[in-house]
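Following: one structure in structure tokens, then a few remarks.
By convention here, the first residue in the shown sequence is residue 1. Note that ligands are numbered from 1 as they come in the structure, with each ligand's atoms numbered from 1 the same way. Quantities reported herein were computed from a predicted structural model and do not represent experimental measurements.
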Amino acid sequence: MCGIVAYVGKGHCKDFILEGLTRLEYRGYDSAGFACINSEHKRFSYVKTVGLVSALKESVNKALIDGHVGIGHTRWATHGIANQENAHPHFNCSKSVSIVHNGIIESHEELREKLINSGHDFYSTTDTEVIAHLFGSLLKIHHTLKNAVLDLVSQAAGAYALALLMEDYPDQLIAVRRRSPLVIGIGEGENFIASDVLAFWDKTNKVFFIPDNSFAIINKDSVQCYDFAGNSVPIKIQDVDFKFANTDKQGFEHYMLKEIYEQKKAIDNTISFCRFIGSKDVCLKHIFDPNNKRKECKSNIDSIEYSEEIWQQLGLEIEQLKNLKQINLIAAGTSWHACRIIQFFIETICKIPVHVFLSSEFRYMPFFPKVDTVFIFISQSGETADTLEALRLVNSYNLPTIVVTNVVSSTMVREAGGFLPMQAGPEISVASTKAFSCQISILYWLAHRIALFRGLISLDQMRVAEDDLLVTAEVLESSIETYKWEISQTLAKFYAKFERFIFLGRHISYPFAMEAALKLKEISYIFAQCYPAGELKHGPIALIDKRTPIIMFSVLDDLIYQKLVANAQEVKARNGHLVSFAFEGQNELIKLSDCSFIIPRVKPLLAPLAMTGLMQFFIYQITKELGRPIDKPRNLAKSVTVE
Ligand code: AGP
């Protein structure tokens, strides 16, 4: 959701910025722009386009503009429609200041009014443009860039990341961060700014994460950073390991398909990593440490002895863990569905009650801080605004917080008490696939690790749980292979003709059915509604007809399965069209179904993980039939960094 890329240095900025914007495309956007101080006439040159970065590239290349300092942006519309006027960069009246911005300036209306009253003309309806005008005025009042920025941030309320370019300071850039990510890549004779390290991973691995409520003044050879009170902030440079940075489609038609197929490997890597950080051989260095001893330790996996140092990684005291009486899970979207599945793991395996919260709701509910609880935030990106704000809220009560994420360089990792990184590799497609299966896997592992600590399971049971995960990852992949041909050749064509679907699940397959319905909605734009199967007769049964296929996800618990069969009968008795994801031997359900996918049996709690690949592949193929832009669905962003 919105991306910032900027450059100052000995080289030219255009190619780097345009390539950086391309790498941030996955975040979601609807217009793009580029501005630089033109090397020829030393004044601003800029281009803004609606639509894809490729259109921006074409226009910038045609305009033959380039310079040694520049800023670029992909905009996901919030204040005002996606048009050229609203695309970033924005300028002040005299076009001496240019700005790109992620986030929201909450005080924009009152600032705009003041600025209009003092004679400023506005060209867009964005909140961003007020900053350009305001900063232009402040530069005239204050003698230093530092003081002008301090005045700016004292007036601009909200959550934002800004990159500012000034014609009167042609060798410098300003980067401001307030509750929205922004990082600086430190090069030799050049520096890079971006909202995600992915933009400059091949230029430098030396990274300075601008702390929250701080800003940096950057030229080609130096970076000075200050907090919003004007105090100098030390520049702590971290070496980031970019082994994850390969973002090629590698021959797949879409990122989503590639990522569906990467799940087995991602789960294997995640479990090896958990074994590694949980083993006695490892000293828990910071994950960024390029010299960590992961490889050496991997060879000892079979003789692993689990170390209590894992709790240090999670920021937990042994006493806290012993006294734990409740676990809270907080997330949004697909990650929230994962939490609803994980609730079954923790309650069944650790015998600890779990509360699951949607991050956007949690923040505005009454909060009763309790000791003996821990809060686990689950977020693929580690940047989702609602989840991040929920984390900040819990942190403010000094309660233990843990983030489970795919992005170790994310804001949540820096702000949480501890973290557990998944090893899914970059997920580019907006629709979450491998992050979902890794979230489930890593928390299944953690639930067993907590149970081991509390003496509820033996060491052997811990190892069996790890093996069960690997076996299920195998099933996840092999089931796609079993039905690949039938789905892509006939079933996808048939089901793509329907205008609405109902998804049903029960017990642990209910949150999984919610995830399936979300996947279908977000990428195919087909209307889908999900219900717990037992609720059918309380109302939704009225919706059953031949034009609304019912997709039912089975479970491996015998009692619940029998209840599901009864629900399937209710559907068939009303001439409904039933598609089931069933397990081997579930013949009653299979016989009742108009179409069924039969999946090898796994451990009952891992049933959703086993069905994940096939469910995603089925929905992917339906969407492909409809010719939708699968990796970048309309209106959506990968990283939802606004509330
Ligand atoms: C998943 O397909 C969605 N695109 C979305 O629901 C996503 O899971 C949600 O925005 C949360 O993101 P996060 O995991 O990065 O916090």
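- Of the residues Leu314, Ile346, Ile349, Ile327, the one that meets the side chain to side chain contact (heavy atoms under 4.5 Å, CB included) test with Leu446 is Leu314.
- Side-chain contact between Lys632 and Ile428: absent, with no pair of heavy atoms (C-beta onward) separated by less than 4.5 Å.
- Residues Leu504 and Phe553 have side chains not in contact (no heavy-atom distance under 4.5 Å, counting atoms from C-beta outward).
- The ligand atoms of ligand 1 that sit less than 4.0 angstrom from a heavy atom of Ser432 are 1 (C), 2 (O).
- In terms of protein heavy-atom proximity, atom 8 (O) of ligand 1 is nearest to Thr334 N, 3.1 Å.
- Nearest protein heavy-atom neighbour of atom 15 (O) of ligand 1: Ser381 OG, 2.6 Å.
- Remark: minimum distance from atom 10 (O) of ligand 1 to any protein heavy atom is reached at Val640 CG2, 3.9 Å.
- Where the criterion is an N or O separation shorter than 3.5 Å, residue side chain and backbone included, Ala431 fails it with respect to ligand 1.
- Tyr255 carries Lys249 over the face of its six-membered ring, with the cationic atom under 6.0 Å from the centre and within 45° of the normal.
- Minimum interatomic distance between Glu415 and Asp212 (heavy atoms only, all atoms of both residues): OE2-OD2, 4.1 Å.
- Interface of Ala332 with ligand 1, defined as ligand atoms under 4.0 Å from a residue heavy atom, comprises 8 (O), 9 (C), 11 (C).
- Close contacts of ligand 1 with Ser379, meaning ligand atoms under 4.0 Å from a residue heavy atom, involve 13 (P), 14 (O), 15 (O), 16 (O).
- Note that Arg340 lies outside the cation-pi zone of Tyr510, set by a 6.0 Å cut-off to the ring centre and a 45° limit from the axis.
- Checked against a 3.5 angstrom limit, the closest N/O atoms of Ser335 and ligand 1 fall inside it.
- Nearest protein neighbour of atom 16 (O) of ligand 1, counting heavy atoms only, is Thr384 OG1, 2.4 Å.
- Among protein heavy atoms, the minimum distance from atom 2 (O) of ligand 1 is reached at Glu522 OE2, 2.4 Å.
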From CA spacing to verdict: ring-ring contact (aromatic ring centres under 6.0 Å, His included), Phe618, Phe597: CA-CA 10 Å; Phe618 181 50; Phe597 300 111; 5.3 Å; yes
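- Using a 4.0 Å heavy-atom cutoff, Thr387 is absent from the residues neighbouring ligand 1.
- The closest side-chain heavy-atom distance from Tyr483 to Leu491 is not below 4.5 Å.
- Ligand 1 has no atom lying under 4.0 Å from any heavy atom of Glu383.
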